[in-house]
Each structure stands twice: as structure tokens, then as C-alpha cells.
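Everything below concerns the one structure shown next.
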Number of protein chains: 2
Amino acid sequence: MLEQMAGHLIRRLHQRSTQVFQSEMQKAGFDLTPVQFAALEVLRTNPGIDQASLSAMIAYDRATIGGVIDRLEHKGLVERAVSESDRRARILNLTESGRRVVESALPVVRMLQTEILSNLDDAERKQFLAFARQALSQELE
Amino acid sequence: MLEQMAGHLIRRLHQRSTQVFQSEMQKAGFDLTPVQFAALEVLRTNPGIDQASLSAMIAYDRATIGGVIDRLEHKGLVERAVSESDRRARILNLTESGRRVVESALPVVRMLQTEILSNLDDAERKQFLAFARQALSQELE
DNA sequence: TACATATAATAAGTATACATACTTTAAATA
DNA sequence: TATTTAAAGTATGTATACTTATTATATGTA
């Protein structure tokens with residue numbers, strides 16, 4: 001019954017995805033959640049953006065990102081500064097440690113993506129991901 | 001970059017899934033989260049199970065289910081009683097109100113499943129869900 | 001039967017996730 | 001320029017989600 005429902009299957013996939021992420025990352029010696037990694041990776045390629053831009057880019061709301069950045073700042077991976085041009089905004093940048101961590105984590109994160117869908121072969125996985133992107137075409141725009 | 005990653009796409013799908021669920025259910029006049037509905041639906045077809053069995057059936061850990069049942073009990077949809085045969089266990093049953101709510105919510109929940117994947121046509125959606133089940137074959141068994 | 005082990009549930013702690021309200025600051029406009 | 005409106009971030013509250021520890025109760029075994 002539930003097993004037939006898209007919502008249930010998607011939730012189970014998400015659950016598997018985060019479990020694989022956590023266990024593979026821990027195995028590789030990293031203490032990062034999926035959101036924390038996503039934030040660091042976006043800051044690596046977009047240094048100096050503010051929290052609102054970051055949350056738009058990875059599709060989290062502002063309140064959630066505020067907490068994520070709190071924890072990354074506390075770990076010494078991100079620095080937060082009041083914007084000169086807009087004193088409401090907080091400008092974000094990786095610290096040196098933050099840069100080292102994302103750069104070394106990136107290959108591990110790339111690897112673990114196929115592990116999430118390890119029951120699909122290469123062609124099936126590509127097809128599945130193409131369907132996923134199509135399902136999200138509005139959101140990903 | 002992130003958009004290429006399975007984990008990111010799956011998270012976005014999950015996000016869309018819960019958003020569609022919340023908005024469609026609210027539109028239909030129901031105040032139920034996806035987990036709460038899943039719990040009620042399993043209790044409808046498996047009355048009298050305990051919390052551990054329920055959490056195994058919908059793949060949540062016991063701690064999470066404890067809180068979910070708290071809220072359903074508070075809404076008057078579920079009753080919790082100490083098991084006669086095992087006094088550690090809590091036997092769960094729908095109340096009359098709980099039964100009415102699941103039964104009337106079920107068609108709405110069925111409908112909204114296709115809305116979650118509305119950018120896929122029927123054949124694509126079937127194929128996508130088949131891949132999802134295959135990806136989860138170990139977990140679902 | 002006594003003891004070790006295992007299980008059901010709860011408690012406590014961390015981290016998403018989102019809605020709503022509030023404060024501060026910018027931008028638009030009358 | 002004064003006022004309205006909007007945007008950035010924080011605070012608060014609710015609901016997952018999971019980990020580890022604790023308590024109560026069963027069960028397996030010496």
C-alpha cells in the first residue's frame with residue numbers, strides 16, 4: 001500500500017541517501033552533514049554571497065540556513081561579516097580550514113553518489129536521475 | 001555541480017513531495033503530516049500492533065515514532081495501551097475519529113501522488129517508481 | 001533459580017526543515 | 001523628504017529524524 005506511493009518511496013530514498021552520506025563521510029574522517037557540505041561547496045564556487053543567496057541556491061529557507069551557518073562558523077569553516085553595501089546582509093566566506101575540508105571532501109561525496117543508487121546499473125542510474133531532473137524542472141529552472 | 005548529484009536531486013524530490021502533501025491535504029481540510037498519515041494508514045490495516053512494529057513497518061526509528069504517536073494521541077486519533085502479554089510494549093489502535101480521518105484522507109493521498117511527479121507522464125512515472133523500488137530493494141523486502 | 005542478555009519505550013541531545021513574527025535596513029513612491 | 005513597502009536576518013515554535021543512555025520487563029542460560 002504505502003510501498004506503491006511516490007511520496008513513501010521518495011522518503012525512503014532520501015533516508016538511504018543521508019545514511020550513505022553519513023556513513024561514507026564518517027569512514028573518510030569528515031564530520032559534515034549533507035546540508036553542511038552543500039553550503040561549503042556553494043561557498044567554494046561563490047565566495048562572498050550572503051545567506052539569502054546561499055539559501056536560494058541550495059533551496060533551503062533562510063531560517064534553516066541561519067542555523068547551518070551557525071554550526072559551520074562554530075567549527076571554524078565559515079566566516080560571517082556584515083555587508084558593506086547592505087548592512088542587513090551577512091557576507092559568507094570559507095576559512096582556510098573550510099576550503100581544505102571541502103576540497104578534500106569533494107571526491108568522497110562524488111564517489112558516494114553512485115553508492116546511493118548501487119542497486120541500479122549505470123544506464124538505469126542515468127535514466128533515473130534524468131527523470132528526477134525532469135520531475136524537478138520547474139524548481140531547478 | 002550539486003544539480004548533478006543523486007543526493008541533492010533526491011532531497012529536492014523529497015522537499016517537493018512533502019510540500020505537495022502539505023498543501024493538497026490542507027486544501028482538503030486535513031491537518032496531517034506525511035508521517036502521521038503513514039502511521040494512521042498502517043494502524044488501519046494492522047490494528048493492535050506496538051510502536052516497535054509500527055516503526056519497523058514505516059521505517060522510522062522508535063524515538064521518532066514515539067513523538068509522532070504522542071501527537072496523534074493528543075489529536076484523539078490513536079489510543080495507546082500497555083500490552084497484556086508484554087508490559088514493556090504499547091499497543092496502538094485507531095479511535096473512531098482516527099478511522100474516519102484515515103478513510104477520508106486516503107483518496108486525497110492517492111491523488112496527490114501523481115501531483116508529486118506531475119512533470120512526468122504516465123509511462124515515465126511508472127518507470128521512475130520502478131527504478132525507485134529497485135534502488136530500495138534491500139530495504140523494502 | 002540467579003544472572004546475563006536482549007528488547008520496548010522514553011529521555012536527552014543534535015540537526016534539519018519550515019512557518020510566522022519581529023527587528024533592522026533598503027528601496028520605492030507619494 | 002516622509003511614508004510605505006520590501007528584504008535580510010534572527011527568534012520562536014512545531015515536527016521530523018537519528019544517536020546514545022536509561023528504565024522496565026522478558027528471555028536465555030548456567
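Letters go in sequence order (proteins before strands), and every chain restarts at 1. Computed from heavy atoms alone, side chains included, the values below leave out hydrogens, waters and symmetry copies. Values in this document were obtained by computation on a predicted structure and should not be read as measured data.
Atom C1' of nucleotide D:dA11 and atom CG of A:D61 are separated by 13 Å, given to the nearest angstrom. Computed from coordinates, the A:Y60 OH to D:dT10 C1' distance equals 20 Å when rounded to whole Å. Look at NE2 on B:H74: it is 10 Å from P on D:dA15, rounded to the nearest Å. Atom CG in B:L72 sits about 13 Å away from atom C1' in D:dT16, given to the nearest Å. Rounded to whole angstrom, the span from the CZ atom of A:R62 across to the C1' atom of D:dT12 amounts to 15 Å.
If you check residues 14-53 of chain B against DNA chain C, the residues with a heavy atom closer than 4.0 Å are B:Q15, B:Q19, B:D50, B:Q51, B:A52, listed by number.
Contact of the A:R44 side chain with the A:E103 side chain is registered, since non-hydrogen atoms from C-beta on lie closer than 4.5 Å. B:L43 is listed as a side-chain neighbour of B:I49, based on a closest heavy-atom distance under 4.5 Å. Side-chain contact between A:I69 and A:R80 is present, with heavy atoms from C-beta onward closer than 4.5 Å.
Nearest nucleotide to the side chain of B:A63, out of C:dA17, D:dC18, D:dA8: D:dC18.
Between the side chains of B:S83 and B:S85, at least one donor N or O lies within less than 3.5 Å of an accepting N or O. Donor-acceptor pairing under 3.5 Å is recorded for the side chains of A:E124 and B:Q134.
Exactly one residue among B:V20, B:T33, B:V109 makes a side-chain contact (heavy atoms from CB on, under 4.5 Å) with B:M25. That residue is B:V109. Among the candidates A:K27, A:Q22, A:E24, the single residue satisfying the side-chain contact (heavy atoms from CB on, under 4.5 Å) test with A:L112 is A:E24.
Each of A:A59 and B:A89 was matched to the nucleotide of DNA chain C holding its nearest heavy atom; the match closer to the 5' end belongs to B:A89.
Among the heavy atoms of the strands lying under 4.0 Å from B:R90 are primed sugar atoms or P, OP1, OP2 only; no base atom is included.
Atom CD of A:Q26 has 12 or fewer neighbouring heavy atoms from other residues, nucleotides or ligands inside a 6.0 Å radius.
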Inset, instruction - Can you check each nucleotide of nucleotides 23-28 of chain C against protein heavy atoms at under 4.0 Å and return B for base, S for sugar-phosphate only, - for none, in 5' to 3' order? - result: -BBS--

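With respect to the salt-bridge test (charged N to carboxylate O, under 4.0 angstrom), the residues B:E139 and A:R16 qualify.
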